[in-house]
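Remember, it's 1-based here, ligands and their atoms both numbered in the order they're listed. All values derive from a computational prediction rather than experimental measurement. Counting from 1, the numbers follow the sequence of the chain as shown.
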Amino acid sequence: MALGVLALQGDFAAHAALLRQIGEDVVEIRRTAELDHVRGLVLPGGESTALLRLMRGEPWFAALRGFHDRGGTLFGTCAGAILLAARVENPAQPSLGLLDVTVARNGFGRQADSFETTLEAPALGGPVGAFFIRAPRITAVGPGVEVLARLGGEPVLVRQGRVMAATFHPEIAGDPRVHRAFAETQPEPAAVR
Ligand code: GLN
């Protein structure tokens, strides 16, 4: 089964290209009904407030929670990570609550709002190059959340069950390891919720 990339707003084309490069079939998702044709979904970076506005056109929150309950995998990057989080600050806004983390929007401040750096990512086999663009900061993680990469000790790539999130843009550096880790996440129905 293919992987989907939410194509309402933001950096979806680069995610689709990188997933195709690692051999995945990719479907761009613009309607909730299209979720039936994919095993996993990337929520790309962009602007979370713009995404929330575009999602008013259809019952996206119910559809995405249902997709997760049916066993689908989810990977949110930057604005997409903000959408998945349980708690959003600076300012607070609605989110899916599928990942037990707190995120602060634009958490790196104005001085360093966009930068390129190298992450410590032993779970991915070594350092990973990463671009941060007006990125959120993960300020708290729940006990069930695994940290796959850190920047200066802080979590920047996390996974909880079938839900993965990166506060950076893994599609820009062109290193496919982060997308491969997502593609290898097994879809399976949720036990109890
Ligand atoms: N600052 C954006 C937001 O709050 C996220 C930026 C990004 O996705 N690159 O939604």
Side-chain angles (χ1 to χ4, degrees), residues 3-19 26 28-30 40-58 60-61 63-65 73-119 121 128-141 145 147-152 154-160 163-179 181-182:
L3 287 173
V5 179
L6 186 68
L8 294 178
Q9 198 261 348
D11 205 9
F12 55 85
H15 283 283
L18 198 49
L19 288 170
V26 180
E28 289 186 359
I29 303 288
R30 293 188 173 80
L41 182 71
V42 175
L43 305 162
E47 190 58 47
S48 57
T49 49
L51 257 171
L52 286 173
R53 205 162 39 240
L54 289 164
M55 284 179 155
R56 286 189 205 139
E58 275 198 88
W60 276 102
F61 270 37
L64 291 170
R65 288 176 178 141
T73 62
L74 291 156
F75 178 29
T77 67
C78 209
I82 296 169
L83 277 189
L84 289 173
R87 295 160 298 273
V88 180
E89 298 172 340
N90 190 38
Q93 67 185 27
S95 59
L96 290 160
L98 294 173
L99 178 67
D100 188 12
V101 298
T102 305
V103 297
R105 293 182 58 207
N106 302 306
F108 291 93
R110 281 203 193 151
Q111 299 293 329
D113 70 350
S114 298
F115 55 96
E116 181 182 0
T117 186
T118 304
L119 309 175
V128 175
F131 288 84
F132 287 77
I133 303 170
R134 297 186 312 283
R137 211 158 177 159
I138 296 174
T139 55
V141 297
V145 178
V147 178
L148 302 179
R150 294 179 190 271
L151 174 63
E154 279 185 30
V156 293
L157 177 66
V158 296
R159 179 162 58 195
Q160 182 179 25
V163 181
M164 229 172 101
T167 55
F168 56 97
H169 282 257
E171 77 285 8
I172 295 178
D175 179 334
R177 281 178 292 166
V178 177
H179 286 77
F182 171 61

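In this view, Ala135 and Cys78, Phe108, Phe132 satisfy the side-chain contact (heavy atoms from CB on, under 4.5 Å) rule, not counting sequence neighbours.
Residues Ser48 and Gln93 bring a donor and an acceptor atom of their side chains to less than 3.5 Å of each other.
Annotation: the span from Arg65 atom CZ to Leu96 atom CG amounts to 5.5 Å, rounded to 0.5 Å. Within the model, atoms CG of Asp100 and CG of Leu84 stand 12.5 Å from one another, a figure rounded to the nearest 0.5 Å.
Using bins of under 30°, 30° to 60° and over 60° for the plane-to-plane angle, the ring pair His179/His15 lands in the tilted bin.
Arg137 and Glu154 are joined by a salt bridge, as a carboxylate oxygen and a charged side-chain nitrogen come within less than 4.0 angstrom of each other.
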So what's ligand 1 close to, N/O to N/O, under 3.5 Å?
unit_1: ligand 1; atom_1: 1 (N); unit_2: Asn106; atom_2: OD1; d: 2.8
unit_1: ligand 1; atom_1: 1 (N); unit_2: Arg134; atom_2: O; d: 2.9
unit_1: ligand 1; atom_1: 4 (O); unit_2: Arg105; atom_2: NE; d: 2.7
unit_1: ligand 1; atom_1: 4 (O); unit_2: Arg105; atom_2: NH2; d: 2.9
unit_1: ligand 1; atom_1: 8 (O); unit_2: Gly46; atom_2: N; d: 2.9
unit_1: ligand 1; atom_1: 8 (O); unit_2: Gly46; atom_2: O; d: 3.0
unit_1: ligand 1; atom_1: 8 (O); unit_2: Ala79; atom_2: N; d: 3.0
unit_1: ligand 1; atom_1: 9 (N); unit_2: Ile133; atom_2: O; d: 2.9
unit_1: ligand 1; atom_1: 9 (N); unit_2: His169; atom_2: NE2; d: 2.8
unit_1: ligand 1; atom_1: 10 (O); unit_2: Ser48; atom_2: N; d: 2.6
unit_1: ligand 1; atom_1: 10 (O); unit_2: Ser48; atom_2: OG; d: 2.7

